[in-house]
Amino acid sequence: MSQNYPFVNPPLPYDYDALEPYIDTGTMILHHDAHLQTYVDNLNKLLSGYPQFQKMTLTGLIQNIDSLPYEIAEGVKNNAGGVYNHIMYFNQLTPPEGYKEMAGKLAKMTKQRFGSADALRAELKKAALSVFGSGNAWLVTDRNNVLQVVTTKNQDNPFASGLRPLLIIDVWEHAYYLKHYNKRAEYIDDFFRVIDWEKVGERLS
Ligand code: MN3
């Protein structure tokens, strides 16, 4: 992602209530206006005293964490990851009325690798349920451009290990607890109803 310091929280590409009844309005307001905003504010605060790193993009910061001064490296990793991951999360969702099953190249790659879109969803759900504590499940392509399902902890991002992220499932409790309580599996089923597969497919190139 190409934005740099001072980072901003882009507005949601749909209304806060657009994903009802699958993802509730209250969760969307908190998730976007409080959680993502806090990552943006913390990242700006961390970089405010380091003008030499203010030209770096979000992607550049995450890829070059090791070149940052030790006193800000961990904070930048967590908060730049938080900004990147949340912008990606919100930008891949669609109001349920507009839901369309995956098509084109992504559908073809999914069939080759998993057998069907439903089989991919089963893999994603298994991975999302396996995340212990806070983290994310992902659909990515690996170095050979083959689809893979992976998980990461906290706000880590798979592109730091050379993978290309296509879809992120946020399984931090703040993503679902207001509506789904401790029933992460139900949240994941509901999340599948609002994925914008066209956006996910665009991330292949
Ligand atoms: Mn989140």
Side-chain angles (χ1 to χ4, degrees), residues 1 3 7-46 57-59 61-62 65 74-96 121 124-140 149-161 163-197 199-200 203:
M1 286 187 205
Q3 58 159 307
F7 293 93
V8 295
N9 184 356
L12 289 177
Y14 38 73
D15 290 333
Y16 291 101
D17 62 0
L19 308 181
E20 292 273 6
Y22 301 108
I23 302 182
D24 60 293
T25 309
T27 295
M28 291 304 287
I29 293 173
L30 261 178
H31 205 174
H32 179 271
D33 293 8
H35 290 278
L36 171 50
Q37 188 63 49
T38 301
Y39 288 118
V40 169
D41 294 344
N42 286 342
L43 182 58
N44 286 333
K45 230 175 280 163
L46 280 161
T57 63
L58 212 44
T59 310
L61 284 167
I62 295 169
I65 288 297
E74 183 71 16
V76 169
K77 180 182 158 196
N78 291 334
N79 289 287
V83 175
Y84 183 105
N85 293 346
H86 282 93
I87 292 175
M88 186 174 167
Y89 177 82
F90 292 127
N91 284 339
Q92 63 182 15
L93 302 178
T94 178
R121 278 186 279 270
L124 284 167
K125 186 173 179 179
K126 196 165 78 183
L129 289 173
S130 80
V131 174
F132 184 77
S134 297
N136 297 286
W138 304 79
L139 177 65
V140 302
V149 171
V150 300
T151 63
T152 52
K153 284 185 185 304
N154 302 317
Q155 294 299 356
D156 291 353
N157 191 297
F159 77 65
S161 25
L163 304 166
R164 178 195 290 267
L166 305 177
L167 174 77
I168 174 173
I169 309 179
D170 185 341
V171 291
W172 286 56
E173 284 186 342
H174 67 232
Y176 62 90
Y177 205 85
L178 285 184
K179 176 179 168 70
H180 299 91
Y181 304 103
N182 57 331
K183 300 188 178 78
R184 191 189 287 181
E186 290 179 11
Y187 156 67
I188 295 161
D189 289 339
D190 281 351
F191 173 86
F192 287 153
R193 311 290 291 267
V194 293
I195 295 176
D196 187 337
W197 285 111
K199 287 265 169 62
V200 175
R203 291 170 178 165

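In listed order, ligands and their atoms are each counted from 1.
For the pair Phe192/Tyr22, no side-chain contact is recorded, criterion being any heavy-atom separation below 4.5 Å from C-beta on. Contact of the Phe191 side chain with the Leu93 side chain is registered, since non-hydrogen atoms from C-beta on lie closer than 4.5 Å.
Taking the six-membered ring for Trp and thresholds of 30 and 60 degrees, His86 and His31 have ring planes more than 60 degrees apart, a perpendicular arrangement.
In this structure, a donor-acceptor pair under 3.5 Å is absent between the side chains of Asn85 and Tyr39.
With sequence neighbours excluded, the residues forming a side-chain contact (heavy atoms from CB on, under 4.5 Å) with Gln3 are Phe7, Val8, Pro10, Ile87, listed by chain and number.
Protein atoms that are N, O or S and lie under 2.8 Å from the Mn ion (ligand 1) are these: His31 NE2, His86 NE2, Asp170 OD2, His174 NE2.
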Kindly indicate, with the supporting measurements, whether the criterion side chain to side chain donor-acceptor pair (under 3.5 Å) is fulfilled by Tyr176 and Asp190. CA-CA 10 Å; Tyr176 62 90; Asp190 281 351; over 6 Å; no
